[in-house]
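Since the model is a prediction, treat every value here as computed from it, not as a measurement.
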Amino acid sequence: MKRSSVFVCQQCGNTYKKWVGQCSNCGTWNSLVEQVLENTNDKKTAISKAELSGKKLDFVKLKTIVPSDAKARLLTGFKELDRVLGGGILMGSVSLLAGQPGIGKSTLLMQICAKIAEGHDVLYISGEESAGQVKLRAERLGANSERLNFAASTSSNDIAKTIEMGEFDLVIVDSIQTLALSEISSAPGTVSQVTNSGNLIIRAAKATDTAVVIVGHVTKEGTLAGPKVLEHLVDVVLNFEGDRYGGFKTVRAVKNRFGSTNEVAIFEMVDTGLKEVENPSAALLAERTNTDGSVILATLNGNRPILVEIQALAVKTNYGYPKRTASGFDLNRLNLLIAVLERRTKLKLSDKDIFVNVVGGMKLADAAADLAVCMAIASASAGRKLGEEYVVFGEVGLGGEIRSAFRADQRIAEAKKLGFSHAIGPATIKDKFVIPSKDLRETLIRFVK
């Protein structure tokens, strides 16, 4: 019997009747794969059988349900990561960890396995590496517990069956893009394989109250590869971000059914694996020299206050069109702030190349970083310094006004802890530590000397 087929995008799951080079939904090139559809009559028969085979659900009154102990969590050995997870890895939960290749996902998971295996049975399943490769990493990280087990497999059927046995408290699956169901003919990593493999593993985890952590690949744009439905299926989605060649690395929760999504854990890579950074502000400011173009920003990374150094460099351009470059700061926002500086402060920047850098590899997504970036650019352009005793924060509007900042009390407390005398911030903050500033032009004239 002749069967029809469709072409499915492997990035977003959009379907087409015929092959096209670029997906019109997500814009990805060469991502369409042909999939055979079931015969329509077969579908109708299956639906009819499903209607007859269904049975009434057993239900209970909601108020009679006794919830499981929310404190029954597996501690990872990293206090900050436990806080991101809402107190640790909850039994029966399924977490998805995504990050760039080489950033340290396998290292982090092996360290978590080593800690949890001290009191629980743990299984590490690898679909990418051999037993010898994983053993070398385990020896380097000191993961030598008798309760830590290893298996190499790319079969979703076998992995789900192993989880259903209920012999392990934690199972690591590295990674979902390498798995395949034997009942589906498409290649590993396709939309159908990722969706169905994930669904099968999740059902096995929920049935046996086993905690599962799944590793996911990312695209070159940094988003999770595969169908979006995978993120909806799991309980927790963690993003592992940062520069894989150095600097700080952060783990933040994009989705968390058991805790906040505003927390962040900060790590650095050392010889013995990933290490938590207990005081990132002190580490970021340890090598600072007070020169023109250097300003200390009191920012927030999630709910965590951090002091970072903003550096700016302004040099005369050799071309007709000035260059603007930003590292760790949004380039579009930088162009907007430069326009505000030229219009509201009469500072001439059209003949200068401007470079802005956030020290330590940090990436800022804080609106209150505007004032610090503006003051750094003005300081670099004029060749004048800002006093060492000041930290800066505040959003800058198009009219040059300085607007309020989120969680100002936490920013102030962090600045006081590191020995700063004053903060330059919005006038709406009623605190003696903060020198109120309403207008960008007046602030630059007053403090950049």
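S404 and E395 share no side-chain donor-acceptor pair at under 3.5 Å. With no hydrogens or angles considered, no side-chain donor-acceptor pair links N149 and Y124 at under 3.5 Å. Checked by atom type, the side-chain pair Q100/H217 shows no donor-acceptor distance below 3.5 Å. Between the side chains of S155 and S153, not a single donor N or O lies within less than 3.5 Å of an accepting N or O. Defined by atom type and a distance below 3.5 Å, a donor-acceptor pair is missing between the side-chain atoms of N30 and Q22. A side-chain donor-acceptor contact under 3.5 Å links E34 and S5.
For the pair V212 and V173, the minimum side-chain heavy-atom distance is below 4.5 Å. Residues V213 and I89 form a side-chain contact, since some pair of their non-hydrogen atoms from C-beta on lies under 4.5 Å apart. Taking 4.5 Å as the limit, every side-chain heavy atom of W29 sits out of range of all side-chain heavy atoms of C23. Looking at heavy atoms from C-beta onward, I163 lies out of side-chain contact with L123 at the 4.5 angstrom threshold. At least one side-chain heavy atom of M362 sits under 4.5 Å from a side-chain heavy atom of L284. Side-chain atoms of T107 and R140, non-hydrogen and from C-beta on, do get closer than 4.5 Å to each other. Within the 4.5 Å cutoff, no side-chain heavy atoms of P188 are placed close to those of T154. Using a 4.5 Å heavy-atom cutoff, the side chains of L181 and Q193 are in contact.
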For this session: Run the numbers on F267 and F78 for ring-ring contact (aromatic ring centres under 6.0 Å, His included), then give the verdict.
Result: CA-CA 10 Å; F267 299 91; F78 298 106; 5.2 Å; yes
For this session: Given side chain to side chain contact (heavy atoms under 4.5 Å, CB included), test I310 with V392 step by step and report yes or no.
Result: CA-CA 10 Å; I310 304 293; V392 181; over 6 Å; no
Exercise. What do the steps show when you test S145 against E118 for side-chain hydrogen bond (donor to acceptor under 3.5 Å, both in side chains), and what is the final call?
Worked result: CA-CA 7 Å; S145 173; E118 294 176 359; over 6 Å; no
Problem set entry | side chain to side chain contact (heavy atoms under 4.5 Å, CB included) evaluation trace for L364 with L297 | CA-CA 11 Å; L364 299 180; L297 164 68; 3.6 Å; yes
For this session: Quick one: do L238 and V84 satisfy side chain to side chain contact (heavy atoms under 4.5 Å, CB included)? Show the steps, please.
Result: CA-CA 9 Å; L238 300 174; V84 172; 4.0 Å; yes
For this session: Under the side chain to side chain contact (heavy atoms under 4.5 Å, CB included) rule, what do V8 and L32 come out as? Steps first, then yes or no, please.
Result: CA-CA 5 Å; V8 183; L32 269 62; over 6 Å; no
Exercise. Salt bridge (charged side-chain N to carboxylate O under 4.0 Å, His left out) between K255 and D235: does it pass, once the steps are laid out?
Worked result: CA-CA 7 Å; K255 172 189 177 182; D235 301 308; over 6 Å; no
Exercise. Run the salt bridge (charged side-chain N to carboxylate O under 4.0 Å, His left out) check on E80 and R304 step by step: do they pass?
Worked result: CA-CA 10 Å; E80 296 299 325; R304 187 173 187 174; 3.6 Å; yes
For this session: For side-chain hydrogen bond (donor to acceptor under 3.5 Å, both in side chains), just list the numbers for D174 and S106, CA-CA rounded to whole Å, side-chain angles, deciding distance to a tenth of an Å, and then say yes or no.
Result: CA-CA 8 Å; D174 187 6; S106 299; 3.0 Å; yes
Problem set entry | Verdict with reasoning, N262 to R252, per side-chain hydrogen bond (donor to acceptor under 3.5 Å, both in side chains) | CA-CA 8 Å; N262 294 324; R252 64 176 73 246; over 6 Å; no
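Shown here is K206, whose NZ atom has more than 12 heavy atoms of other residues, nucleotides or ligands within 6.0 Å. The number of heavy-atom neighbours closer than 6.0 Å to CG of L418, taken from other residues, nucleotides and ligands shown, is above 12. More than 12 heavy-atom neighbours from other residues, nucleotides or ligands sit within 6.0 angstrom of CD on E183.
T178 places a side-chain N or O within 3.5 Å of a backbone atom of S175 that can act as its donor or acceptor partner. Between the side chain of E231 and the backbone N or O of K228, no donor-acceptor pair lies under 3.5 Å. Distance alone, capped at 3.5 Å, places no donor-acceptor pair between the N199 side chain and the T195 backbone. In this structure, the side chain of R147 engages the main chain of G119 through a donor-acceptor pair within 3.5 Å.
What you find for L386 and M375 is that their closest heavy atoms are CD1-CE, 3.8 Å. Here the closest heavy-atom approach between residue L371 and residue F393 is recorded as CD2-O, 3.7 Å. Taking every heavy atom of both residues into account, A205 and V94 meet most closely at CB-CG2, 3.8 Å. What you find for S126 and F150 is that their closest heavy atoms are CB-CE1, 3.7 Å. Between M110 and A143 the shortest heavy-atom distance is SD-CB, 3.9 Å. Of all heavy-atom pairs spanning Q111 and T272, the tightest one is NE2-O, 4.2 Å.
Taken to the nearest 0.5 Å, the CD1 atom of I112 stands 5.0 Å off from the CG atom of L81. With rounding to the nearest 0.5 angstrom, the OG atom of S93 is 7.5 Å from the CZ atom of R73. For the atom pair OG1 (T15) and CZ (F7), the distance works out to 11.5 Å, reported to the nearest 0.5 Å. Summarising the geometry, atom SG belonging to C9 is positioned 7.5 Å from atom CG belonging to N25; distances are rounded to the nearest 0.5 Å. Interatomic distance, F420 CZ to L307 CG, rounded to the nearest 0.5 Å: 6.0 Å. Atom CD in E276 sits 7.0 Å away from atom OG1 in T76 (nearest 0.5 Å).
By the 4.0 Å N-to-carboxylate-O rule, D370 lies close enough to R333 to be salt-bridged with it. E241 has no carboxylate O lying under 4.0 Å from a charged side-chain N of K249, or vice versa, which leaves the two without a salt bridge. Between R137 and E129, at least one side-chain nitrogen of the basic residue sits less than 4.0 Å from a carboxylate oxygen of the acidic one, meeting the salt-bridge criterion. Ion pairing of E414 with K416 is absent here, as no side-chain N (NZ or NE/NH1/NH2) approaches a carboxylate O to less than 4.0 Å. Of the charged side-chain nitrogens involved, at least one lies within less than 4.0 Å of a carboxylate oxygen, so that R411 and D366 count as a salt-bridged pair.
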